[in-house]
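What you see below is based on every heavy atom in this structure, not just the backbone, and it leaves out hydrogens, waters and symmetry mates. Numbers here are sequence positions counted from 1. Bear in mind the structure is a predicted one, so any value in this text is a computation, not a measurement.
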Amino acid sequence: MSTETIKVSPPAAWRLNHDAVRAATKDQGGVQAVVHVIDDEADVRHAMELLLEGAGFVARSYPSARAFFESNPYEGPGCVITDLRMPESSGIEVLARLRQNGAALPVVIVSGHKDVALAVHAMKKGAIDFIEKPFSAERLIETVRAAVERVARAPSEPPQARLSMLSKREHEVLDRVLAGKSNRMIGVELDISERTVESHRASIMRKTGARNLAELVRLAAAQG
């Protein structure tokens with residue numbers, strides 16, 4: 001994952017009030033939450049750590065899952081943001097070990113477009129969100145803030161009810177979107193144009209109330 005993965009806006013609109021952020025990310029005992037960043041590429045780790053600290057978070061970064069677990073991350077509140085694909089241990093393996101050890105740290109998975117199906121699997125295993133590469137600094141900060149504050153948008157209807165509103169064709173498109181297939185690939189498989197695929201995707205987002213792909217994945221994962 002190269003540093004081109006992260007797009008920083010010139011106005012740096014993602015910068016937040018440090019005192020407000022740190023006050024909002026403490027637990028009831030007043031212990032400061034820590035954002036744990038796991039990535040095997042040093043430049044990416046450092047870039048994410050700088051962005052998070054610039055937005056008022058306390059961040060720590062690790063070159064591997066092993067280094068992360070050796071740091072004894074269970075001692076306080078926080079969240080984990082981990083790349084899905086790493087040489088030693090994948091993001092899914094990090095998530096599995098945390099759950100096996102009874103850790104309640106929320107996990108955010110960073111994945112590529114072709115890894116959407118794996119991201120869906122990770123969310124079924126307990127990840128609270130995923131960020132699709134390339135992502136903006138704003139997207140990173142928004143996701144991490146939601147994770148450490150335990151903020152979740154409560155849907156007005158259960159997932160089953162919202163997904164049941166989709167037509168048969170929309171379900172076919174949705175299944176392929178969740179498998180990480182491009183609009184062109186979906187069009188070829190369903191024998192429809194890319195424009196029609198885009199129209200179906202827009203309808204899916206409208207009917208389900210999902211604001212982005214991550215929410216759509218979360219909705220599908222919640223249905224099981």
State, with a plain yes or no, whether a side-chain heavy atom of [X] is found less than 4.5 Å away from one of [Y].
| X | Y | value |
| --- | --- | --- |
| Ile38 | Val94 | yes |
| Phe130 | Thr143 | no |
| Val197 | Arg176 | no |
| Val58 | Val35 | no |
| Ser61 | Met48 | no |
| Ile131 | Val108 | yes |
| Leu174 | Glu170 | no |
| Val173 | Leu166 | no |

message: If you count heavy atoms of other groups shown closer than 6.0 angstrom to CZ of Arg169, is the number above 12?
response: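 More than 12 heavy atoms, drawn from other residues, nucleotides or ligands, come within 6.0 Å of this atom.
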field: Residue Arg60 excluded, over 12 heavy atoms near CZ under 6.0 Å
entry: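 No - once you tally the heavy atoms of other residues, nucleotides and ligands closer than 6.0 Å, there are 12 at most.
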field: Working for side-chain contact (heavy atoms from CB on, under 4.5 Å), residues Val80 and Phe68
entry: CA-CA 10 Å; Val80 176; Phe68 166 66; 3.6 Å; yes
query: Would Val107 and Ile128 count as a side-chain contact (heavy atoms from CB on, under 4.5 Å) if you check the C-alpha gap in whole Å, the side-chain angles of each, and the deciding distance to 0.1 Å?
result: CA-CA 6 Å; Val107 176; Ile128 66 164; over 6 Å; no
How long is the span from the [atom1] atom in [X] to the [atom2] atom in [Y], to the nearest 0.5 Å?
| X | Y | atom1 | atom2 | value |
| --- | --- | --- | --- | --- |
| Arg97 | Gln100 | CZ | CD | 8.0 Å |
| Met123 | Leu219 | CE | CG | 9.5 Å |
| Ile81 | Asp39 | CD1 | CG | 9.5 Å |
| Leu84 | Ser90 | CG | OG | 6.5 Å |
| Ile92 | Met86 | CD1 | CE | 10.5 Å |
| Arg195 | His200 | CZ | NE2 | 13.5 Å |

Determine the minimum heavy-atom distance between [X] and [Y], stating which atoms define it.
| X | Y | answer |
| --- | --- | --- |
| Ala214 | Arg139 | CB-NH2, 3.2 Å |
| Leu213 | Met205 | N-CE, 4.2 Å |
| Leu163 | Ala220 | CD1-CA, 4.4 Å |
| Arg99 | Gly126 | NH2-O, 3.8 Å |
| Ala127 | Leu95 | N-CD2, 3.6 Å |
| Lys181 | Ile186 | O-CD1, 3.8 Å |

query: Given Thr196 and Leu190, is the side-chain contact (heavy atoms from CB on, under 4.5 Å) satisfied, shown in steps?
result: CA-CA 10 Å; Thr196 301; Leu190 298 179; over 6 Å; no
- prompt: Between Asp83 and Val44, does a side-chain contact (heavy atoms from CB on, under 4.5 Å) hold up when you go through it step by step?
  reply: CA-CA 10 Å; Asp83 195 17; Val44 174; over 6 Å; no
